[in-house]
Structures are given as structure tokens and as C-alpha cells.
Amino acid sequence: MRFGRGAWIALACLATAALPAAPAGAVTIVLGPTDLSASDPFAECDLSCSSFKTFVPTAVPGGLVKTPADGTIVSWRVKGAPPTRLRLRVVEDVGGGSFRGVNTSGLAKQSDGVGDTPAAIDIDAGQQIGIDVTSNFPTVDPSILLGDATAPGAAWSGFSTGLPEKAPASPTETGSGSLPLFNATVELFEPLIVHMTSTSGPASGGDVVVLTGRHLAVATAVKFGSVPAAQVIKADGNQVIAVAPPHEPGVVEVSVETAGGSSLDSTADRYEYLPVAPPDPGPDAAPQLWGLKLSPKTFAAAGKGPSARAAAATGALVAYRASEPARTKFTVQRRSGARYVRLRGSFRRPTAAGLNSFRFSGRLRQRALRPGAYRLVARAVDLGGKPSKPVRRSFRIVR
């Protein structure tokens, strides 16, 4: 039996190439070389073959044989003869120089290096592909079969069926391991979050959130909205533990990214950032206001009506928080160059402890504010007459 060593060495430089995304949005990659056009076959065997050999390229420079995320092998190719002697093998490294067989395909349909053999084989992140070869034992020389000496490989052979499934085993033969003349097309699964132990936390961040889902192994990033997690503590096949980063108050989508893409949108991945309450000032202190905001910040003033309404379709929603019951006075300042000038007029609102809201019409003293940049200023006075510090939020009026 003769093998072209030069062809094997050349293949060591081939890298994995990604194919266009599948219609469902899945990422599709090729494990192993994409070009199998070398003239020498992977293995030759006549009808007298009686033994089995499992070959695994355990260290391949410039090539990817381990899948970076969970997925399904949908097809594979091999260069060898005859096809009825070749199967694809999924292998898992269990450490200590041992491996175990995980899954195997049916026999190759063809072995010209061009035609695909369909498959439906699950492969998990970190697992790799190998090949089962029926050989005319012991005439296959592993040092030739496994290729270039700079890339160690492993093989299991003998009169038993190659690498046993389930049980870990060390290779019976070792040799070189340049990129082999076979590959597998894998559709990687997109990750999915199905549960979070915490769905809200302070805007200052620091909340520890355990994300449980599917295909979360080898997470490359966790994001809260567009902000990366402050820390990813642990990741495995079903869970990722992340620390929420600081973020403005509001609801964001939490996402986990893997080589298979970003996690699918679901109702389970919503996280609400809550305004951070100031420290309790004590019973004799002045009231406190915080968290003042307008939504939207840019709006058209209403054509008629008062400055504040309980509900309306125009203007902007004003929300703020208070430490205790009070009455809050709102004034408006118009921007003039680099400073703000207070406008005549104001309006007042009863305020409860906690969250308060109303709609601001963009009107003051029964007149619509002209287009321009403004600032809304709020100051609360409690039942004892003690005033709070003012809080401010800018907004813009348009026609």
C-alpha cells in the first residue's frame, strides 16, 4: 500500500472555511480541510480487509477539527477507496491521553473527495471528528497514514472495532497527524435562554444572574442590552453565570453569544434595571427627589390644555421618585447659549413616596412652548415645609 506523504504535509496548512448561513439563521462551518482534491486516497483496501482502525487528528496546525459549539453534522466527505470501508466518527477527548467514541455515521456513499454523504449526527462543543477505516491489518503504517511528524495524531486498531464507544481508551498507535482527507459540515445551534434567576437589579450593576438554557457551552460573551457583562464567572453546557454591568434604568434583553450566534430572543431573557434609591436621610431630613426623566425627550407641545395631565396622547411622560409624600413644584428653563434662563410660570403636583408620573403637555401659563431646548426643574416641599434639592432633566420642543 502506498501513500503520498507530500500531499498529507501540504494539507496541514489548510484552514477551516465557514459556509454561508443556513436559511434558518444557523451558522454552518466545515471541520477539516475544504479541499480534498489530493490524488492519493486516504486509505486503500481490497476485499480481504478484516480489521478496523479509528484515526483521530489530535493536533492539526491551521485546521479546526473540534467544533466550537453544539451542532449537527449534516454531511461529510472523504477521499478514499472503497467507500464501503469508511465511516465518520465523533470523538471526545477525556484527558490523560484518552478518548472515547461518541457517535458514528453510516458507511460513506462515495469517497472521491467531492460528493457528500448525508448525515444527522449530534456533536457537542469541544468534540472532534475522526474516521473509521477497515484496513488490511497490519499493512497500514500509522506513521504514513497519520501524515506529517510535526502534528501528532492517534489511532486505535486491531481485530476489535477501533476506538470503543462510551469507555475511555488510550490509542494503540501514535504517529503524525497532518490534516486528513475528510471533513464534516456542521450546522451550529444558536444558544437559547430559558430561565434567569434574577430578572431585575440596580442600575449600578453587580447583580449575579444565573442564565439557564440550551447550547450555552463555550460562551464567547454575555451582554445586558449592548453592554458586556461585568464578569462571566462560569459557563457550561446548560448555564452561564454573569454579573450585570452598570446600565441606565429600563428593560434590556440579555444575550449569550457563542460560535453558533447570539441567543434567540425569548420572553425569559428580559432584565429590568431599577433606579438606585439614595440612602435613607432619617425622619428629620428634607425630602429627596431622584430619577427624573421625560419620555420622549423630544416632542411637540400640545395645542391646548394645562401643563400637566394624568393621561394624554401628546407631550411627554414625566417620571420621578420621592422619599416621602410632598408637593412638587415644576418650573421650566429655556436654553440660551451656554446657560439656561427660567421662564415665568410654574405648576405643582401632589407627590407620593416612591414612583410618580404624569404627562407634561409642553405648555406653561396656558401657552405652548416655542421650539427649542429646555430644562424641567422639580423641587419637592414636605408637609413640614422642608424643601428638597432641585432635580433637572433636559428636553426639546419641536413643531
*How about Tyr320 and Phe330: are their ring centres within less than 6.0 Å of each other?*
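Yes; Phe330 has its ring centre under 6.0 Å from that of Tyr320.
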*Are the ring centres of Tyr271 and Tyr273 closer than 6.0 Å?*
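Yes.
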Restricting to non-hydrogen atoms, name the atom on [X] and the atom on [Y] that form the minimum distance, rounded to 0.1 Å.
X	Y	answer
Ser204	Pro246	O-CG, 3.5 Å
Ala108	Trp76	CB-CH2, 3.5 Å
Asn103	Arg89	O-CD, 3.5 Å
Ala301	Ala368	CB-CB, 3.8 Å
Ser361	Pro306	OG-O, 2.6 Å
Pro275	Arg321	CG-NE, 3.6 Å

*If we ignore angles and hydrogens, is there a donor and acceptor under 3.5 Å between the side chains of Thr351 and Asn356?*
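Side chains of Thr351 and Asn356: no pair found under 3.5 Å.
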*Indicate whether the side chain of Tyr340 and that of Arg375 have a donor and an acceptor atom separated by less than 3.5 Å.*
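Side-chain D/A pair, Tyr340 to Arg375: absent.
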Could you grab the distance from atom [atom1] of [X] to atom [atom2] of [Y], nearest 0.5 Å is fine?
X	Y	atom1	atom2	result
Thr34	Arg77	OG1	CZ	9.0 Å
Asp382	Ser323	CG	OG	8.5 Å
Ser263	Leu192	OG	CG	7.5 Å
Glu272	Ser198	CD	OG	11.0 Å
Arg100	Glu92	CZ	CD	4.5 Å
Arg349	Thr328	CZ	OG1	9.5 Å

Can you confirm whether [X] sits close enough to [Y] that some side-chain heavy atom of one is under 4.5 Å from a side-chain heavy atom of the other?
X	Y	result
Leu188	Pro68	yes
Glu190	Ser262	no
Arg348	Ser346	yes
Phe182	Leu88	yes
Val391	Trp290	no
Thr185	Thr28	yes
Val91	Ile129	no
Ile193	Met196	yes

*More than 12 non-hydrogen atoms from neighbouring residues, nucleotides or ligands closer than 6.0 Å to CZ on Arg392, yes or no?*
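Yes, because the 6.0 Å sphere around CZ of Arg392 holds more than 12 heavy atoms from other groups.
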*Is the number of heavy atoms from other residues, nucleotides or ligands within 6.0 Å of CD (Glu248) greater than 12?*
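At most 12 heavy atoms, drawn from other residues, nucleotides or ligands, come within 6.0 Å of this atom.
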Using a 3.5 Å cut-off and no angle test, enumerate the donor-acceptor pairs between side-chain atoms of residues 211-225 and protein atoms at least two apart in sequence or in another chain.
| unit_1 | atom_1 | unit_2 | atom_2 | d |
| --- | --- | --- | --- | --- |
| Thr212 | OG1 | Gln239 | NE2 | 3.2 |
| His215 | ND1 | Asp70 | OD2 | 3.2 |
| Thr220 | OG1 | Glu257 | O | 2.9 |

*asked:* Please evaluate residues Ile233 and Val243 with respect to the criterion side-chain contact (heavy atoms from CB on, under 4.5 Å), reporting the C-alpha separation (whole Å), side-chain torsions for both, the decisive distance (0.1 Å), and the verdict.
replied: CA-CA 8 Å; Ile233 301 173; Val243 178; 4.0 Å; yes
Would you confirm whether [X], through its side chain, and [Y], through its main-chain N or O, come within 3.5 Å as a donor-acceptor pair?
X	Y	value
Ser357	Ala319	no
Arg363	Gly303	yes
Asp116	Pro118	no

*Might you work through the side-chain contact (heavy atoms from CB on, under 4.5 Å) test for Arg370 and Arg334, ending with a clear yes or no?*
CA-CA 10 Å; Arg370 293 179 296 169; Arg334 181 181 176 88; 4.1 Å; yes
Is it the case that one hydrophobic cluster holds both [X] and [Y], taking links as side-chain heavy atoms less than 4.5 Å apart, direct or via other members?
X	Y	answer
Ile73	Phe189	no
Val240	Val252	yes
Leu343	Leu292	yes

*Scan Val78, Leu107, Asp132 and name whichever one has a side-chain contact (heavy atoms from CB on, under 4.5 Å) with Leu86.*
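In the set Val78, Leu107, Asp132, the residue that makes a side-chain contact (heavy atoms from CB on, under 4.5 Å) with Leu86 is Val78.
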*Can you label the angle between the Phe347 ring and the Phe358 ring as parallel, tilted or perpendicular, going by 30° and 60°?*
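Geometry flag for Phe358 against Phe347: perpendicular rings.
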*Test Ile121 against Thr72 for side-chain contact (heavy atoms from CB on, under 4.5 Å), laying out the working first.*
CA-CA 5 Å; Ile121 309 171; Thr72 298; 5.9 Å; no
_Less than 4.0 angstrom from a charged side-chain N to a carboxylate O is my criterion; do Lys66 and Asp124 meet it?_
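Salt bridge absent between Lys66 and Asp124.
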*Do Val377 and Val332 pass the side-chain contact (heavy atoms from CB on, under 4.5 Å) test, and can you show the C-alpha distance, the side-chain angles, and the key distance before you say yes or no?*
CA-CA 6 Å; Val377 183; Val332 177; over 6 Å; no
